[in-house]
Amino acid sequence: MGGHSPCASCKLLRRRCTKDCPFAPYFPADDPHKFAIVHKVFGASNISKMLQELPVHQRADAVSSLVYEANARVRDPVYGCVGAISYLQNQVSELQMQLAVAQAEIFCIQMQQDPMAMPTPQFDDDDEESFLLQHNLPQCLNFASSSSDVIQESFKKESPFGRDMVS
Amino acid sequence: MMNSTRCAACKYLRRRCSPDCIFSPYFPPNNPQRFLEVHRIYGASNVAKMLEKAPVNQRAEAANSIHYEAHCRIKDPVYGCAGIITLLNQQINDAQCELAKIQAEIAALNGHHADILPPYQQITDASSFANYPVEGDGAFPATHDPSFPQFYLNS
C-alpha cells in the first residue's frame, strides 16, 4: 500500500495529494482547521498564488500570517486584524506621551536639584512629531499615527483610509 | 444596456452593476486600484461574502479594513498586517522598558526608592480592551495573544 495521506487542503478540496502539493508542507492533515479558515477567507487558489510568488524559505511565515489574519477576520468581520493595529497604535501614542511627561519631569527635578548643571532636555523628535501627526489620522478607524515609522513606511505618501473613505 | 456608472468592481468584472450591487457603495469607479487590490488578495466573491457578514451600517468600515489588509499584503507578501502588529508590539515593549527606567530614575532623584510609580499597565487579559472596537467576544489582545505567531522581522 503506497502513497502518503492527503494534506488538510487536499482533504478539504477532495483531490489527490501529490508529492509536490504546494499546500502539504504547511497544512498538515492533523490540523484541518488551519486550512479551512484560510480557504474560507482567502480561497485556495489565492493562497496557492500567494505562496508560489514567494521564495520557499518564506512560505511558512506567510502561511502563519495568513492564518492569523483569517482568524482575525472571522472573529471580527468588520475590522479583522486592523482593529488590533489601531489599538496598538493608540497604546504606542499613550506610551510616547507618558515618556515625554516623564522626561520633562526628570528635567524639572534635575533643574531644581542642580540648577547649575542645566542638562539638555532629551526630547525624542518622534514624540513631538506624533502629536503633529494626530490631525492626519484617517477618519474611519482613528488610527493614531504616532507609530509613524511603522505605518508611514507602509503607506509612505498614502492614506488608504483617509482617501478611500466612501461613506 | 450597461449601466454607465458601474462601480469599480463591476467595471473590472465586466458585468452589469445592479442597483443593489454590494460593492458599489464601497468601490467607486473613480478608484479602480482599490478594488484591484482586494480582488487580487481575496477574490471578488470572498470580498462580497465578507461585506455581507458585516452589519450594513459598518460595511464601509469593513470595506476599508479589507482594503487595508489587502494593501498591506501586497506591500509585504510574507507578513502583511501581521508584520505591522509585530513591529508595534516591539515598539510597545521598548517604550514600556524606557518608561520603567525613567520612572525608576525619577523615584531615585526624589529619594523615594520604595515609591516607584507603577509601570504602564501590561495588557494581559481581554477585559483591558474595553475601548477596542471589536465584534463578537472581543478577545483579541494582540500584545499577549498566544495565537499571534512569533515573527523575527528583518528591519
Side-chain angles (χ1 to χ4, degrees), chain A residues 40-43 45-46 50 53-54 58-59 61-62 64-69 71-73 75-92 94-96 98-99 102-103 105-106 109-110 113 138 140-142 147 149-151 154-155 158 160-161 163-167, chain B residues 25-28 31 34 41-43 46 50 53-55 58 60-69 71-73 75-85 87-89 91-92 95-96 98-99 102-103 105-106 109-110 120 123 129 132-137 140 142-143 147-149 151:
Chain A
K40 181 173 180 173
V41 174
F42 295 97
S45 60
N46 289 325
M50 283 192 263
E53 285 169 5
L54 291 172
Q58 290 187 310
R59 289 179 188 175
D61 272 1
S64 293
S65 68
L66 288 165
V67 170
Y68 178 77
E69 285 185 28
N71 274 310
R73 182 57 63 177
R75 264 189 284 198
D76 183 352
V78 179
Y79 295 105
C81 68
V82 176
I85 291 176
S86 181
Y87 177 83
L88 292 172
Q89 281 181 294
N90 286 338
Q91 275 196 294
V92 170
E94 241 183 85
L95 279 166
Q96 287 177 335
Q98 291 184 22
L99 269 170
Q103 283 164 341
E105 196 175 335
I106 279 204
I109 293 170
Q110 286 170 338
Q113 292 185 351
C140 91
L141 281 189
N142 191 29
S147 49
D149 290 344
V150 174
I151 299 302
S154 292
F155 296 92
E158 307 169 58
F161 284 98
R163 277 194 199 152
D164 300 331
M165 189 64 191
V166 291
S167 75
Chain B
Y26 320 112
F27 296 98
N31 191 354
R34 181 173 154 93
I41 299 301
Y42 297 102
N46 287 328
M50 286 192 275
K53 279 211 165 67
Q58 291 187 292
E61 308 242 308
N64 286 341
S65 72
I66 289 166
H67 174 244
Y68 184 87
E69 286 192 34
H71 190 85
C72 282
R73 182 59 63 176
K75 286 218 158 201
D76 182 353
V78 181
Y79 299 107
C81 276
I84 294 178
I85 289 173
L87 287 171
L88 285 169
N89 279 334
Q91 280 196 338
I92 288 167
Q96 285 173 334
E98 184 65 25
L99 187 63
I102 294 175
Q103 287 171 336
E105 215 176 306
I106 290 171
L109 285 171
N110 284 335
Y120 185 82
I123 306 301
F129 290 74
Y132 168 57
V134 112
E135 300 278 336
D137 61 11
F140 204 79
T143 307
S147 75
F148 187 73
F151 295 128

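These figures come from a predicted structure and were not determined experimentally. Excluded from the calculations below are hydrogen atoms, water molecules and symmetry mates; all remaining heavy atoms, backbone and side chain alike, are included. In what follows, chains are A, B, ... by sequence order, proteins preceding strands, each numbered from 1.
Note that the CG atom of A:L95 and the CD1 atom of B:I92 stand 6.5 Å from one another [nearest 0.5 Å]. The distance from the CG atom of B:L99 to the CD atom of A:Q98 is 5.5 Å, given to the nearest 0.5 Å. Within the model, atoms CD of A:E105 and CG of B:L109 stand 9.5 Å from one another, a figure rounded to the nearest 0.5 Å. For the atom pair CD1 (B:I106) and CD1 (A:I109), the distance works out to 5.5 Å, reported to the nearest 0.5 Å.
Residues satisfying the salt bridge (charged side-chain N to carboxylate O under 4.0 Å, His left out) test with B:E98, not counting sequence neighbours, are B:K101. In this structure B:E69 satisfies the side chain to side chain donor-acceptor pair (under 3.5 Å) test together with A:R73, B:Y42, sequence neighbours excluded.
No side-chain heavy atom of A:N46 sits less than 4.5 Å from a side-chain heavy atom of B:I41. When side chains are defined from C-beta on, A:V78 does not count as touching B:S65, because their heavy atoms never get closer than 4.5 Å. Within the 4.5 Å cutoff, side-chain heavy atoms of A:S65 are placed close to those of B:R73.
For a residue to count as touching a neighbouring chain, one of its non-hydrogen atoms must lie under 4.5 Å from one of that chain's; by this rule A:V41 touches chain B with backbone and side chain alike.
Residue A:G43 comes nearest to B:N46 through the heavy atom pair N-ND2, 3.6 Å, listed as atom of the first residue, atom of the second, then distance. Shown here for A:A62 and B:P77, the closest heavy-atom pair between the two residues is CB-O, 4.2 Å. Of all the heavy atoms in A:E69 and B:Y79, the pair that sits closest is OE2-O, 3.9 Å.
Across B:L87, B:L88, B:N89, a single residue satisfies side-chain contact (heavy atoms from CB on, under 4.5 Å) together with A:V92, and that is B:L88.
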